[in-house]
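These notes are about the structure you will find just below.
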Amino acid sequence: MSHERMLRRADLRVAEGAAKVTDTFRLHYHLMPPAHWMNDPNGLVYFQGYYHVFYQHHPYGPQWGPMHWGHARTKDFITWEHLPMALAPSEDYDAGGCFSGSAVEKDGVLHLFYTGVREEGGKLIQVQCLATSRDGIRFRKDHRNPLITNFPPEGSVDFRDPKVWQHGGKWYMALGSGNDGRGKVLLYRSNDLSQWDYMGVAAKSDGTQGTIWECPDLFPLGDKHVLLVSPMGTEPRRVLYAVGEMDYEVGKFQAETWGELDKGPDFYAPQTFFGTDRRIMLAWMQSWEGEIPSQKHNWAGALTLPRELMLDSARRLQIRPLPELKRLRADLAFASDLVLQGETRILPSCSLQERGLEAVLRVDLAGTSAAQFGIAFGEGIRVGVAKGDWRVYLDTTRASRGHRGRYSCKLSSGQEKLEIRIFLDRSSIELFGAGEAACLTARVYPSSPELVPQVFARGGVLKASLELWSLSKRG
Ligand code: FRU
């Protein structure tokens, strides 16, 4: 069947599926598929006035299956427009699926790079492919595909997820791979986006950072370069970043510091792009492990809120939700200064049925002696700060569905005020604290959308101010 027909057939199945998607756990302000399965964000790019987001999509059911590329675009990251399917597995070289990849514009043409997969002798053969478009909507696969057919000796059959970018008049492609138990980033270079020359291993695991590196991303940030990788073979899964220096002549990235990008259980395969004037990141907001309750309702997977990446003066990675997401704020449901001592304050109830919720907690640290303080959104979702060790945690150990655990990240200490922003949607929570990559992302599935938030302080006084905003796309 032609690519064109496969795309139309897939679109039809998503439309049919969408009619059967029930509202339980549907998100209000995150990008999710109209129906069926989604995983990694792909091909993030600003093209002809829109931010385009593609994603790994199985249009035929709420489980992972032969991968297509779903497609949506936005002008403001508030309102999303779903577009026709961009890629379907239609050729011998991608008969098993169109895996993750990236996008760049050259001479007014949008170029999508992806990994074509096919089964052969029990193995999943992975080759690198190109599809192009002038209107950013209909894509044609390149007749020279596959552009890269074999993995180099330093790699293995796991050889995927091309991330392409331009530097100094040349094009570079980072590919995820690994061998000998070490995840690797393999680097290629091109003058014309079609003929690619292998340069070597740009970065590799130190032996503890996973066996295969998926979805590598390598980009300039400030006066440094940053590498992101999603490793397989670590327990638990961790998404890593490194800040360092890139030598484009020899094709080597020298990591100076390593860290974890998000300490929550539902954050994977992040990808960044340069959206006109800043570095923006989205990630898959779900995980390969554990139960996905929305599958019973005919859909699975969503993307995180778009986040901006920056380096502070000490070259530490800072991550914040895009400032324009404040436009989601519809009503201020609660705003007050609080002084609490060994007590719990019950806040006005809110419903996640129609709208999301943002909580902004600003703590006056000089006036706060409490050893622990935070906000609980019902028993299954507790956010707290342990003052002694300067960690903010998300505790879902009592959740009835989804991941149960206590996840935490380090806050930067030694400041006078501490701000924590928490975004709740019908089935997700994202937390942003002050400090190096201080983010926690999780899918949560409250059995009732009616929440009664509570602020608590233990072992001393909490002096803070709190705002609760209801969030709506219409706001
Ligand atoms: C990461 C990943 C990628 C691959 C895609 C397949 O989540 O495993 O390496 O391209 O998902 O859907």
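Counting starts at 1 for both ligands and their atoms, following the listed order. Because the structure is a prediction, the values reported are computed rather than measured. Index from 1, following the sequence.
Cation-pi check for Arg421 over Phe432 is not met; the charged atom does not lie both under 6.0 angstrom from the ring centroid and within 45 degrees of its normal. A cation-pi arrangement is found for Arg73 relative to Tyr50, the charged atom lying closer than 6.0 Å to the ring centre and inside a 45° cone about the ring normal.
For ligand 1, the protein residues within 4.0 angstrom (heavy atoms only) are Asn39, Asp40, Gln56, Trp64, Met67, Phe99, Ser100, Arg160, Asp161, Glu214, Tyr268, Trp288.
Partners of Phe54 according to the ring-ring contact (aromatic ring centres under 6.0 Å, His included) rule, which considers only residues two or more places apart in sequence or in another chain, are Trp69, His71, Phe139. Annotation: ring-ring contact (aromatic ring centres under 6.0 Å, His included) contacts of His225 (sequence neighbours excluded): Tyr248.
Listed by first and then second residue, the salt bridge (charged side-chain N to carboxylate O under 4.0 Å, His left out) pairs involving residues 217-232 are Lys163-Asp217, Asp223-Arg315, Lys224-Glu245, Lys224-Glu256 (not counting sequence neighbours).
Crowding of Glu324 atom CD: a count of heavy atoms from other residues, nucleotides or ligands under 6.0 Å exceeding 12.
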